[in-house]
Structure formats: structure tokens, C-alpha cells
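See structure below.
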Amino acid sequence: MSAVPEPILEIKSVSKFFGGLAANSDVSFTMDEGMILGLIGPNGAGKTTLFNCITGYYPPTKGEILFKGQRLNGMTPDQVCKLGMVRTWQKVRPLAKLSVLDNVVVGALVRTGSVPEAREIAREQLHVVKMAHKADFLAGGLPIGERKKLEVARVLATKPDLLLLDEVMGGLNPAESEDIIQLILDIKKRGLTQMVIEHDMKAIMRISDRIVVLNSGEKLAEGAPQEVVSNPEVVTAYLGEAHV
Amino acid sequence: MRPSPQSRGLALLPVVLGVAAVVALAILPKYVESPYALQLMVLFFLAVIQGEAWNLIGGYGGQYSVGHAAYFGIGAYTVIVLLQSKGLAPWWGLFPALLLAVVVAAIVGSITFRLRGPYFVLASIAVAEIFRLAALNWKQLTNGAEGILLSGIPPLVIGGAQITDFSSKVPFYYMGLALAVVTVLVTIWFQGSKLGYYLQAIREDQDAANSLGIPLTFYKNVALMISAFFTAFAGALYGLYVGFIDPQTAVGLDISVQIVLTAIIGGIGTVLGPVVGAALLVALSEALRSNVLTDLLIGSGLVDAGSGIGQFLRDNLSHAHMLIYGVLVALTILYMPDGVLGGIKNQLRKRRSRAAAAGGAA
Amino acid sequence: MTIFLQSLLSGVLIGGAYALIGVGLTIIFGVMRIINFAHGDLVMLGMYASYFLFTLGNVDPFVSIIFVFPLLFLFGAILQKTVINKVLNALPQNQILLTIGIGLILSNTMMLLFTSDYRIISTTYSSGSFRLGEISVSTPLLLSFVITAAVTAVLYWFLLKTDTGQAIRATAQDRDAAQLMGVNVKRMSVLATGIGAGLAAVAGSLISPTYYIFPQVGQPFTLKAFVIVVLGGMGSVMGATVGGVLIGATESLAGAYISSGLKDLVVYVLFLLILLFKPAGLFGKSRV
Ligand SMILES: Nc1ncnc2c1ncn2[C@@H]1O[C@H](COP(=O)(O)OP(=O)(O)O)[C@@H](O)[C@H]1O
Ligand SMILES: [Mg+2]
């Protein structure tokens, strides 16, 4: 063990092909504990695909993923979750016929066999996302803003070390987005590490410690927020398709 | 949110009602001696057991097995074959029967749970058909299509005292009642357990469930094994009670369909849905079999007894129960996909959400 | 070797009818993504239709397909419009349960109307056969195979060369895209169900001279049709054609070399193996 802290996540030359299409090609970067990494890029750049590869949803075609020094290749999503890394879904996936509280209880049960204890954890997390008053509602009937918050509460309940948030602000109004930004910053204060996919550049600049830009599956740029936005290549890639 | 004393009292109500119902059922044979009534009750208990058992994997887990006849048949055949050809008393024969069903469930589950949606349904049917064909063709063991006629059940003797000689329907009544109560209690436990939460999450969205740390096949398998255990138990009771089994009536597709129907008609994923479904189905098929329905139609003046239709109904309706089941499946799916209790539960929840929304706004 | 060739030939000949059944199922699935569990019962209806045309009208079963196809086409189309159409967006398991219910209604209605007695059609050629070297060829099976091939050829022509056929294929490929291109997908669903039902019934007519006819005869055909369709790749017409012949041959060889009672069992085991190891089918591309 060296004195330098090991990165919590290492992505090493990850590629993912769908037939002839390279959704990710040769992507590498690392994340340190406690940081927020912004993952940006135009639609179809391969951001969600990268989440899918990291969390064991797809096996990467090439490359290696290390989480807390452990190789993840070949692991299933549930094993990855147990190790402490969990993702939200861009297209939200509430457990529609369960109540809001029960959705979060399901997340909490990965750390405990006791349902009462899981309910306690779930109530706390609903407080964190300010949805305690909706606990008994059916998840399927929530408006989009609250579905996104429910996604976050549910993954928080799994007690993760690393959170992957896929466009949790997509489709929200400015007030709701601001809530989510505060939530992400609060989560950071608690020492959790986060990788955030987001289209809203202002938001991503505010929250990110570091930004990785994907374009057509490849890593186009990486650096501090200011560095990245002044990178001419990023500007062309973005202005080509920007629709924030 | 703390439950108010009032709501705590309300929460006790189902317990009180449940205990009262079980006590009433337990003393019923003291007052009702009609073998016909007891027969109906035994059939009802058997249907409850099967419906509740299927409900665990099908209703809560959303894994629509249309092949539960396989486990029913394993229970019936194992106990009956061991009794008939080896003279093994059924209470001992139950152990290998249930064990076999659970082991088969684990194997079948490991294979078929990798499939989703319609593919899983098809695979479950194929598995049950494989067992039916095996029962049909393994003649030395099963006597093939002719089936096995049980020559008798040895009396149950405990500590020198004879408990029962199984000559009346009463012992089957109590066994059926006991097992039905156990399956309902197991379902209540299941619903509030980690296992139950995980199965419901799997039903709602397998990928989301998987990402939240749920190993899908493992939990589906556990639920299927419990389900197979009780389904096989029901099969064994059925075989002993009727005293005759053959591949069609113990492992046929009709059995699988009846089991699914019992659960969906009452309401899948609810504790009492299969009880309601069992009551409806048993009452209905009895009404058909005994021509009660025809008599009603004639009595009400809708159909003329002397007419061709009246005669036709009298001759045929008594063995039309599979036709009626088909109509019921279709109607349930088209107009009541959540079943009787599911529909009520949805209504209540809607009302509660509305009340909560109104309260939140105030 | 003779046994092998003999069973292979009978299997391929019966496989022609299986192919029609499978193609019907795959067209319905392709257009609506619904698995029709009443499919075997449509085969049964075709058998009964031919039986009554033969006994009451003296129509040869092979000729009867001229009446049976339109009759069952109409039946399928009405069934789609009145019932199946209502569950197009339901859960797949509910769709299956609905069609299982329809199948129960069909077979049990037939039982009420015509009892569960076994019936046979005895034409002059029903038990006819001729020898080809050491192999005996059953006349009715050979005739049925030839007609199957002709029906299949007409079907391919319809699907590939006519506008309606192309619209059906477009709908099967991508329902939404077809709708955007101006295809009336609702009409295609009705047509597809009609054609699927008609083909299943025609297969029933063609095998009616060599089978016992009774209300429950359809059930095994339903499962077999799935095996065929899964083998050929769900939604692939070509795959179902080849799959039908392959399953016919497999079953016949299993009957000869293992036991005739276990030939269906062999087919179902094969089915599970395909589902597990080759879910996209041997030929087609899975669109699931
Ligand atoms: N399961 C899949 N099969 C085939 N192509 C896919 C699949 N998932 C994503 N893609 C393709 O990969 C590319 C990247 O998609 P995605 O990762 O969703 O982009 P982003 O999240 O950056 O918008 C797109 O062209 C998309 O069509
Ligand atoms: Mg995306």
C-alpha cells in the first residue's frame, strides 16, 4: 500500500460494441474518493452505455473496471451493488405497484435482513429527498420530478460508496433541478463519491470537481470544469448538438 | 407517522376475524355431517392451498408458471406409488414427495428463470408436459394412462392409539383445513418479509431490482421451492382423498390452468385473493356439476325444461366446467386483470392517496 | 438404414403441415407480439371443418381447404377484432392467459357440441401407400406435403410480392415505423390473425385423413408450434418453415429410435435446450 490513496474507481480502456457500433471505445479515467465527476457529451455519446458497463449490466467488450481495487468484469449488477456502487436510470424505473416507502425499503434490504430496520432506513432517505409526506403513495402515480427523487432515495438506501446518477435533472423545472443540485451537494458532504451524467452545463459546472467529455463513444476531454469548457474541441462537439 | 390507537384497533380486526373463521371451520364437522358438504370443503381447502402456493411465485413474483401441475403430480404420484407398491404409509411418503418437488423446483427454476415474459411461461408449460408424458410412459411405476386406484390407507396410530382409519371425510377435512391455514399464514409472513419485498420488486421491474442488489434467479428459486412444496403437499392430499390418480387428472395442463385461475380471479399478490378465488371456483364448478345452475335457469323461467335447450343444458353443463374456466380466464384478463381483491385494493389505495393529497394540501 | 430413411421421410412429410402451423403462429406473433395459445385449437377446428365437409358434403379433405381457409380466416379476424385487440398492450403473461382461455373455450365447446368421441375420415387413399425401393410412402401424407408446399409458395408470393403482404412484413419488422410510413397496422393485425388462423386450419384439414379427430387434439400442436417458431427465430416465416420440417423429422426419428410414446417428450426437451442455449433460434434474429 502506498501513501497516495487509491482511486475508488478505475476505468481502463473500456470499449463496448453493439454489432458494428462502438458505443464506447477505449475510454479510461479514474475517480478519487469523495469527488463528483461530471460525465457529459451529446446524445448518443455513450454515457448511459458506460454506466451499464460499469454496473455489470453489460459485459464490456474490452477493457477493465476496478472498484475499490477489485476487478468488476463478469460481476452481475446485484454483486456490484453489494460492493457499494449503484446507479439510477435515465428512464426512471419505479416499482410502480409498490408504495414510495416500499420502493426505498427494497433498496435498504440489501444491507439488512430485517424489514423494520429497512423501513427505518427508508424513512430517513425519504426525508433526505424531502418526500416523507408521499411515503404511502403508489410509486407509479408520481409526477416525473418526484420519480427522479425517488430513484435517488432508493439508491441512497443501499448505503453506497459510489453513486452513478444518469440525468436525474432531465425533464425537471428549474426549482426541481435546484433541489436536486442541493441534494447532490449534500450527498457529497456526507463523503460519498458521485458520477453525474447531466445535460445542463450550468449545473454540471457548479457541482463537478472534474469533468469527462464523451463524444461518439470516445473520451474527448477530461479536466477541471473551467479547463473543459474552454477546450475548443468540446465547444464544437457541444455546439453542434447543443439543446439544453 | 405513528399509528393512532384507533388504527391499531383496526389492525387487530383482521386477526380477530381470521381466528374466528378458523375456529368456526374447525368445529364445523361437529355440526355438519353431510359428506357432500364436507367434500365441497375439502375441495375448497385444496384449491386454497394450490392458489396460495402459486401466488407466492406467480402473484408476488410475477413469474406466471403455467406448469404447476408438475409439482402437484409429483406430490400425488410419489405418495400414492410408495403407498401402493411399497406399502409405505403416506405420512412417511410425504417426506420424499415434498423433498422431490422442492429439488425439482430448484432444478427447473435454475433453468427456466433465465427466461423472461412469454418465454418463461412457455418453458413452464413444456416442463409440466414433460412430467405428464413421463407419467404416461413410465408404466411400471405409474401404470400409464390407466392410472392407479388406491386400495386403502393404513390407519394412523400414534402411541398405540388409533387416531383415524381414514374411512370418513373428516380426517381429510382437518388436514385440508390445517394446510390451508398454514399456507395463508406463510403468505402473510412472506408478504412482510425480505423475500416478499424482493419478489414484488422482481415482478415490477427485473432490471431495477437487479441494480438494487437483488440476485434475481436466487430469490425466484427460493419462492418457487416454497410454492412447489405446498403444491406437492396439495397433490398428495388430493391423491389420498380421491384414491385415484392418472396423468391427465394429476399432471394435466388443466390442473395448471385451474391453479393459475384460482389465484388471478381472486387477485394476485394479495393474501386472501386465492381464498376468494377458490371459493368462487369450487362453488361454480359444483353448481355446474350438480346442475344447480341449470335448475336455476329453468326455475327462473329463462329456460324451458322441456325444450331442447333445457335438455341440452341438463345433459351437458355438468361437464362443462373447463369451458366455464376458459370463459372466466378470458373475462378476468379482459375486464378484471387485478382480480376481485386486487380491484378492491386499488380502489382503497386510490381513495387513501386522494385523502392524503387533500390532507397534504390543507 | 431403411428405418432411418423411412422415419426421416415420414417426418419430413408430416413436417410440412407442422410448418404451416408454425408459420401461422409466427405471423401472428410478428405483427402483434402476441403468442397465440389457442393455435392448436384452430388446427382442431380445421380438422372438424374438413370432417363435416367430408361426411355431410362429400368434399375430399384436400379439396376442403378451399372452404376451410376463408372460414377460419374470418373466424381469426373476428377473434382479433373483438377480443385479442383489447390486450395488445397488456402484460405478455396476461396475453398468454387470454389465449389459453380462448383455447379452452374452443376445445370444450366442440366437446359439448360433438362429444369427445374420436372420429376418422376414411377416404379411399387414407391408408394407401406405395413403395419407393425399400421405403413405403404414405399417399395421404405425400399429397398433404405437396399441397403444403403449394400453399407455402402462395404465401411467400403474397408476403413478398403484394402490397398488403409487404405492409404485413413492415408491421412485423417495426410496428411504429410502419405506422409512420402510413401502414394501417390495426388492419394488418386483423389480417395477420386471419391468415394465421387460416393456415393452422388448413394444416388441420391436410392431416385430417391420417389423424383421429377429437376436441382435445389441438393441445400438443400448440406447444409444437412454439417449438417450431422458437427454433426458427420468433417472427421469421422462413425459420418457421424450416423449423416445421426439422421438428417433424426429429419427432419421427425419436419415435423410431427411442419410443413412440416419448417422441413428444424429446421435442419438449429440445425446446428447453433451444430456449436456453439458442434463444434467437437457429436461423432467425431474435427481436425480443
Ligand atoms: N442495447 C443496445 N443495443 C444497440 N445499440 C445500443 C444499445 N444501447 C445503446 N446503444 C447505442 O449506443 C449509442 C450510445 O447510447 P447511450 O449510451 O444511450 O448514449 P447517451 O447516454 O450518451 O445518450 C447510441 O447510438 C445507442 O443507439
Ligand atoms: Mg443516456
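Reminder, nothing fancy here: chain letters follow the sequence lines and each chain counts from 1. Every heavy atom of this structure was used, including side-chain atoms; hydrogens, water molecules and symmetry mates were not.
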side-chain contact (heavy atoms from CB on, under 4.5 Å) between A/Val106 and B/Ile214, intermediate numbers included: CA-CA 9 Å; A/Val106 168; B/Ile214 305 177; 3.8 Å; yes

Contacts with chain B made by residues 65-84 of chain A (heavy-atom distance under 4.5 Å), listed by residue number: A/Pro77, A/Asp78, A/Cys81, A/Lys82

B/Gln206, CD: over 12 other non-hydrogen atoms inside 6.0 angstrom: yes

Structural part of A/Arg154 lying under 4.5 Å from a heavy atom of chain B: both

Contact listing (chain A partner; residues 193-204 of chain B; heavy atom under 4.5 Å): B/Ser193, B/Lys194, B/Tyr197, B/Tyr198, B/Gln200, B/Ala201, B/Arg203, B/Glu204

Distance-minimising heavy-atom pair for A/Trp89 and B/Ala208: NE1-CA, 3.9 Å

Residues A/Thr158, B/Leu212; criterion side-chain contact (heavy atoms from CB on, under 4.5 Å); working and verdict: CA-CA 7 Å; A/Thr158 68; B/Leu212 292 171; 4.0 Å; yes

Most chain B-contacting option - heavy-atom pairs closer than 4.5 Å, from A/Val155, A/Asp102, A/Thr112, A/Thr55: A/Asp102

